[in-house]
Amino acid sequence: MATLALIEDDALIRTSTEMLLQASGHRAIVAENGNELAEKIAAWGIQPDALLCDFHLGQQTALEAVPEVLREIKGRVPVYVVTGDASPAVKSKIQANGWYRLLKPLTPYELLFTVSQIERSTVTRAAS
């Protein structure tokens with residue numbers, strides 16, 4: 001079971017992703033923006049195994065939201081930015097931070113496959 005943090009400004013996508021993750025046996029901490037998620041992580045004391053974030057979040061992008069959250073997470077966690085923007089400029093900005101890019105549309109299967117990879121890397125890090 002993985003614990004995943006999710007920033008998604010679209011309520012329907014946020015709720016359906018949370019339900020998919022929970023139905024698959026994972027724990028999800030979800031929020032509309034980076035500040036809200038950072039506050040939840042600090043208040044609840046939950047440390048996620050990975051952070052998933054939509055690129056476009058209303059008035060901000062993942063480039064602003066993710067660092068807010070990472071300040072509340074102890075240690076390093078992989079960051080996956082979900083975007084429909086396949087431009088080299090956006091890809092470059094995401095990769096410059098050492099983050100992974102997932103292109104929309106992202107199917108439930110693709111999301112769960114990514115989560116399975118996160119679980120494997122978490123087990124590997126714990127065994128090291």
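Throughout, residue positions are numbered sequentially from 1 according to the sequence presented. Values in this document were obtained by computation on a predicted structure and should not be read as measured data.
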- Decide side-chain contact (heavy atoms from CB on, under 4.5 Å) for Leu52 and Leu111; before the verdict, give the C-alpha distance in whole Å, the side-chain angles of both, and the deciding distance to 0.1 Å. CA-CA 10 Å; Leu52 304 168; Leu111 176 60; 3.9 Å; yes
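Between atom CD of residue Glu8 and atom CG of residue Leu37 there is a gap of 12.5 Å, rounded to the nearest 0.5 Å. Atom CG of Asp9 is separated from atom SG of Cys53 by 9.0 Å, given to the nearest 0.5 angstrom. In this structure, CG in Leu112 is found 8.5 Å from OG1 in Thr107, a value given to the nearest 0.5 Å. Atom CD of Gln60 and atom CG of Asn35 lie 8.5 Å apart (nearest 0.5 Å).
Sorted by first and then second residue, the ring-ring contact (aromatic ring centres under 6.0 Å, His included) pairs with a member in residues 30-76 form an empty list; sequence neighbours excluded. Among residues at least two apart or in separate chains, ring-ring contact (aromatic ring centres under 6.0 Å, His included) pairs with a member in residues 62-120 are Tyr80-Tyr100. Sorted by first and then second residue, the salt bridge (charged side-chain N to carboxylate O under 4.0 Å, His left out) pairs with a member in residues 30-48 read Glu36-Lys40; sequence neighbours excluded. Sorted by first and then second residue, the salt bridge (charged side-chain N to carboxylate O under 4.0 Å, His left out) pairs involving residues 96-118 (not counting sequence neighbours) are Asp54-Lys104.
Asp49 places no side-chain N or O within 3.5 Å of a backbone atom of Leu4 that could act as its donor or acceptor partner. Side-chain atoms of Thr15 do not come within 3.5 Å of backbone N or O of Leu12 as any donor-acceptor pair.
By the 4.5 Å heavy-atom criterion applied to side chains, Ile41 and Gln47 are counted as neighbours. Contact of the Val69 side chain with the Leu51 side chain is registered, since non-hydrogen atoms from C-beta on lie closer than 4.5 Å. Looking at Pro48 and Ile73, their side chains come closer than 4.5 Å, going by heavy atoms from C-beta outward.
Across all non-hydrogen atoms, the minimal contact from Glu72 to Ala38 is CG-O, 3.5 Å. Between Glu68 and Arg71, the shortest heavy-atom contact is CA-NH2, 3.4 Å.
Between Ile94 and the options Val81, Leu102, Thr61, Val79, a side chain to side chain contact (heavy atoms under 4.5 Å, CB included) holds for only Val81.
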Return all side-chain donor-acceptor pairs below 3.5 angstrom for residues 17-30, not counting sequence neighbours, or 'none' if the list is empty.
unit_1, atom_1, unit_2, atom_2, d
Thr17, OG1, Ile13, O, 2.8
Ser24, OG, Leu20, O, 2.9
His26, ND1, Ala2, N, 3.1

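Transitive grouping of hydrophobic side chains (ILVMFWY, heavy atoms separated by less than 4.5 Å) brings Ile46 and Val66 into a common cluster.
Counting only N and O atoms by type, the side chains of Asp85 and Thr83 include no donor and acceptor under 3.5 Å apart.
Checked against side chain to side chain contact (heavy atoms under 4.5 Å, CB included), Ser92 has no partners two or more places apart in sequence or in another chain.
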